[in-house]
**Q** 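Dropping the structure in here first, questions after.
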Amino acid sequence: MFTATTVRGALHQFAELVIELIRQAYEHDRYPLDRGRSNMLKTLDYDITQPRATGGQFKAFDASSFQLYAADYLRYVVSGRKPGVKKVPIAALIAWIKANNIGAGNLPRASIRTRVDGKLVRKRAARGRFIDRNAITDLSINRLAFAIQNAIYKRGIRPRPYVQISIDAASQELNVWLDERALDALTFDVDQALNLDSRG
């Protein structure tokens, strides 16, 4: 429930509620996002805008709106991605893999070692040189990025439209607040009219 006494305060509470509902929705999704690690959830922010009249004066707050800011890939999370359209850039996938320490970046040491006569020894490449762990990691990250890119290209990404759902839920709360404020104003006006009539 909104506790604001002004329209501006109610808009701020509305925007904060929208952001909180979005975070909760993505945290409890089938593939949950962690509020502490997800760049998309960390970058969620808002701004209340108030339009100006032609003379430069601000208009009333009833014409105000809020803008939601987030990481640029939020639109792909919200609307999904159709199969067979433009491929996701490999550089973005590699950066995402490294940032989230996914797959090849955390290869176990056993992946570059093998057992020979019961002893663990380093694997050798085809020319007899030892395999460099960093080379395996970089090569594996590239392969992983291409595999993810091809999977997204073939299957697409399922949309998760929690932004609009969160805005609708917060709008219901705002409407309740506005109804109460309108009822208070109407009651005050009726009381004023009745008091004037009883005096006259």
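Note: hydrogens, waters and symmetry copies are ignored here, and every other heavy atom, side chains too, is used.
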**Q** Could you tell me which residues satisfy side-chain contact (heavy atoms from CB on, under 4.5 Å) with N39, sequence neighbours excluded, listed by chain and number?
**A** T43, A71, Y73
**Q** Restricting to side-chain contact (heavy atoms from CB on, under 4.5 Å), what partner residues turn up for R30, sequence neighbours left out?
**A**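 By the side-chain contact (heavy atoms from CB on, under 4.5 Å) rule, R30 matches R158.
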**Q** For R160, check salt bridge (Lys or Arg N to Asp or Glu O under 4.0 Å) against everything at least two apart and list the hits.
**A** D29
**Q** Indicate yes or no: at least one non-hydrogen side-chain atom of L68 is less than 4.5 angstrom from one of I22.
**A** yes
**Q** Which heavy-atom pair separates I94 from A145 by the least distance, and what is that distance?
**A** CG1-CB, 3.7 Å
**Q** Does the side chain of Y46 come within less than 4.5 Å of H12's, by heavy atoms?
**A** yes
**Q** Rounded to the nearest 0.5 Å, what separation is found between the CZ atom of R81 and the CZ atom of R75?
**A**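 Interatomic distance, R81 CZ to R75 CZ, rounded to 0.5 Å: 9.0 Å.
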**Q** Output the distance between atom CD (Q24) and atom CG (L17), rounded to the nearest 0.5 Å.
**A**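 Going from CD on Q24 over to CG on L17, the span is 8.5 Å.
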**Q** For D47, what residues pass the side-chain contact (heavy atoms from CB on, under 4.5 Å) criterion, not counting sequence neighbours?
**A**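 T49, Y69.
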**Q** Measuring from L44:CG to L74:CG, what's the distance to the nearest 0.5 Å?
**A**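 Reported to 0.5 Å precision, the distance equals 6.5 Å.
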**Q** Enumerate, atom names and distances included, each donor-acceptor pair closer than 3.5 Å involving a side-chain atom of residues 147-154, sequence neighbours excluded.
**A**
| from | atom 1 | to | atom 2 | distance (Å) |
| --- | --- | --- | --- | --- |
| Q149 | NE2 | V88 | O | 2.7 |
| N150 | OD1 | K87 | NZ | 3.2 |
| N150 | ND2 | F146 | O | 3.2 |

**Q** How would you list, by chain and number, every residue that makes a salt bridge (Lys or Arg N to Asp or Glu O under 4.0 Å) with E20, sequence neighbours excluded?
**A**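 Salt bridge (Lys or Arg N to Asp or Glu O under 4.0 Å) check on E20 returns R35.
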**Q** Taking side chain as C-beta onward, heavy atoms only, is L93 less than 4.5 Å from L144?
**A** no
**Q** Taking only residues two or more places apart in sequence, or in another chain, which ones meet D168 in a salt bridge (Lys or Arg N to Asp or Glu O under 4.0 Å)?
**A**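 D168 satisfies salt bridge (Lys or Arg N to Asp or Glu O under 4.0 Å) with no other residue.
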**Q** Any idea which heavy atoms bring A170 and L21 closest together, and the distance?
**A**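 Heavy-atom minimum between the residues: N-CD1, 4.1 Å.
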**Q** Can you measure from NZ (K42) to CG (D34) and round to the nearest 0.5 angstrom?
**A** 8.5 Å
**Q** Kindly write out the residues that satisfy side-chain contact (heavy atoms from CB on, under 4.5 Å) with S171, not counting sequence neighbours, or none if the list is empty.
**A** F14, I167
**Q** Minimum heavy-atom separation for A70 to M40, with atom names?
**A** CB-O, 4.5 Å
